[in-house]
There are 2 protein chains.
Amino acid sequence: MPRPAQIDRDSVLAAALAVADAGGVAGLSMRAVAERLGVTAMALYRHVGDKQQLLDGLVERLLLELPLPDPALPWRQRLTAMGAAMRQTAQAHPQVFPLLLQRPAVTPGARRVREAVYQALRDAGAAEELVPRIERVLSTFVLGFAASEAAGRFTAGKQELDLDLAWFGEWVLNSLASVDRAPGPGQAAEDMNE
Amino acid sequence: MPRPAQIDRDSVLAAALAVADAGGVAGLSMRAVAERLGVTAMALYRHVGDKQQLLDGLVERLLLELPLPDPALPWRQRLTAMGAAMRQTAQAHPQVFPLLLQRPAVTPGARRVREAVYQALRDAGAAEELVPRIERVLSTFVLGFAASEAAGRFTAGKQELDLDLAWFGEWVLNSLASVDRAPGPGQAAEDMNE
DNA sequence: ACCTGAACACCGTTCAAGT
DNA sequence: ACCTGAACACCGTTCAAGT
């Protein structure tokens, strides 16, 4: 009869995140994760496939756990809140965060975040055919910025970087506000959010 | 009497880049680099310190080898040329390129590229106190975009990504053209470049 | 079904030794 | 001065075996 499992996929990912936060991605070995769980390295393979899939799982977990703003908020507040949340995630997991830029954005977690941005852009009145383009530009900048800051690439201090992000945000949001509006019903009501 | 050295720092970095391009960063081991050079792994340490410094050296090499545009060109052309060059570098070395976002931009190679952007921004008439800010925003986006594209993060095809970059470029350049101009001599002459 | 022991082919890095 | 042999403490992954 099958005894209860000692570990599962979720506990493995949690342990891996803890190991990476403590010792960096370089110290993130199957053996170290296993030791934290009180198990041998070979036990992990049943639950996460192999090390590459474990890394993919970490990236996905960061995306799934990113707090999304209340959809009832005005679109400007939603976009700035998501940017701030990304930045916080990067600070919390500086070693794992850069991987977000290196994996295809096709997972449920990636789609979850992307759709939230799409909705904010639609509410902003962006032309539908421009929505994916604007999302790529926004997400690329925010991910790159958060990764750069967390990795210490910038020489500027936190206050200046706060201003950088605010500056970029104003710039984007103002451009959005003046972008061509797609005609259609329900548009006027959404605009009330501003 | 000292016999001529078989390898030096430069040949080690060149071999490392070749190994990374062929087998990915995961396959970039001291032993693999040494084998390519016909030498043992231990011989590398005298020339590159250790593996981390070898990786730093690769990043620096990419920056030092980035072709910079003729300073006589108009600033718009210079900025777009640098963006295109970064994108090409990312395509040529997709495995090493992401490291550019993870190392402090304090090396001579990083300064070299940054100063070229600074000069273009000054020639565009950007207020001096805004120049570092705009450079951080520009470099972060371009690095993040090139890394994302090279790693296959985007689902969009190359044609759409070309348009993304053109779209972002127009947006930035138009914003720059309308930015407050710092007063001073020599300004009018530079503006003639446009 | 889940975990382990043993094994294989690897790693980065040091240090003394060779030339 | 430059490279190597030997050694150490690690890796990821497999497979058959245990429960």
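Proteins get letters first, then strands, A, B, ... in listed order; numbering begins at 1 in each. All values below were derived from every heavy atom in this structure, side-chain atoms included, with hydrogens, water molecules and symmetry-related copies excluded.
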*Asks:* According to a hydrophobic-cluster definition based on side-chain heavy atoms being under 4.5 Å apart (Ile, Leu, Val, Met, Phe, Trp, Tyr only), do B:Phe154 and B:Leu163 belong together?
*Replies:* no
*Asks:* Is B:Arg61 salt-bridged to B:Glu65, cutoff N-O under 4.0 Å?
*Replies:* yes
*Asks:* Whole angstroms only, please: what is the CG-P distance between A:Leu44 and D:dT14?
*Replies:*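 Distance check: A:Leu44 CG to D:dT14 P gives 13 Å.
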*Asks:* Shared ILVMFWY cluster between A:Leu28 and B:Val25, side chains joined below 4.5 angstrom?
*Replies:*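 In one cluster: no.
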*Asks:* A:Leu28 CG to C:dC11 P: how many Å, rounded?
*Replies:*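 Taking atom P of C:dC11 as the reference, CG of A:Leu28 is at 19 Å.
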*Asks:* Taking ring-ring contact (aromatic ring centres under 6.0 Å, His included) as the test, write out the residues that go with A:Phe97, two or more places apart.
*Replies:* none
*Asks:* What's the separation between atom CG in B:Leu130 and atom CG in B:Leu121, rounded to the nearest 0.5 Å?
*Replies:* 10.0 Å
*Asks:* Just how far, in rounded Å, is P of D:dT4 from CE of B:Met30?
*Replies:*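 In whole Å, D:dT4 P and B:Met30 CE are 13 Å from each other.
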*Asks:* Starting at atom CZ of A:Arg31, determine the distance to atom C1' of C:dT4, rounded to an integer number of angstrom.
*Replies:*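 A:Arg31 atom CZ is separated from C:dT4 atom C1' by 13 Å.
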*Asks:* Over how many whole Å does the gap from A:Asp8 atom CG to C:dC3 atom C1' extend?
*Replies:*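 These atoms are roughly 14 Å apart.
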*Asks:* Where does DNA chain D form stems of at least three consecutive Watson-Crick or G-U wobble pairs, each pair having both distances below 3.5 Å?
*Replies:* C:4-8 with D:12-16, C:12-16 with D:4-8
*Asks:* Take the protein atom CD of B:Glu35 and the nucleotide atom P of D:dC3, then report the distance between them rounded to whole Å.
*Replies:*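 So the two atoms are 17 Å apart, to the nearest Å.
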*Asks:* What do the steps show when you test A:Arg112 against A:Thr107 for side-chain hydrogen bond (donor to acceptor under 3.5 Å, both in side chains), and what is the final call?
*Replies:* CA-CA 9 Å; A:Arg112 169 178 178 269; A:Thr107 60; over 6 Å; no
*Asks:* Keeping A:Ser175 on the side-chain end and A:Trp171 on the backbone end, is there a donor-acceptor pair under 3.5 Å?
*Replies:*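 Between the backbone of A:Trp171 and the side chain of A:Ser175 there is a qualifying donor-acceptor contact (under 3.5 Å).
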*Asks:* Atom CG of A:Leu37 to atom P of C:dT4: distance rounded to whole Å?
*Replies:* 11 Å
*Asks:* Enter the distance from A:His47:NE2 to A:Gln6:CD here, rounded to the nearest 0.5 Å.
*Replies:* 8.5 Å
*Asks:* With the side chain of A:Met42 defined as its heavy atoms from C-beta on, choose the nearest nucleotide among C:dC15, C:dC11, C:dT4.
*Replies:* C:dT4
*Asks:* May I ask you to verify if any side-chain N or O of B:Thr40 is less than 4.0 angstrom from the OP1 or OP2 atom of D:dC3?
*Replies:*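 It does not, given that no N or O in the side chain of B:Thr40 lies less than 4.0 Å from OP1 or OP2 of D:dC3.
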*Asks:* To the nearest 0.5 Å, what is the distance between CH2 on A:Trp167 and CG on A:Leu161?
*Replies:* 13.5 Å
*Asks:* Taking the side chain of B:Ile7 as its heavy atoms from C-beta onward, which of D:dT13, D:dC3, C:dC2 lies nearest to it?
*Replies:*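 So the side chain of B:Ile7 is nearest to D:dC3.
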*Asks:* Using a 4.0 Å cut-off on heavy atoms, which residues in residues 45-57 of chain A reach DNA chain C? List them by number, or say none.
*Replies:* A:Arg46, A:His47
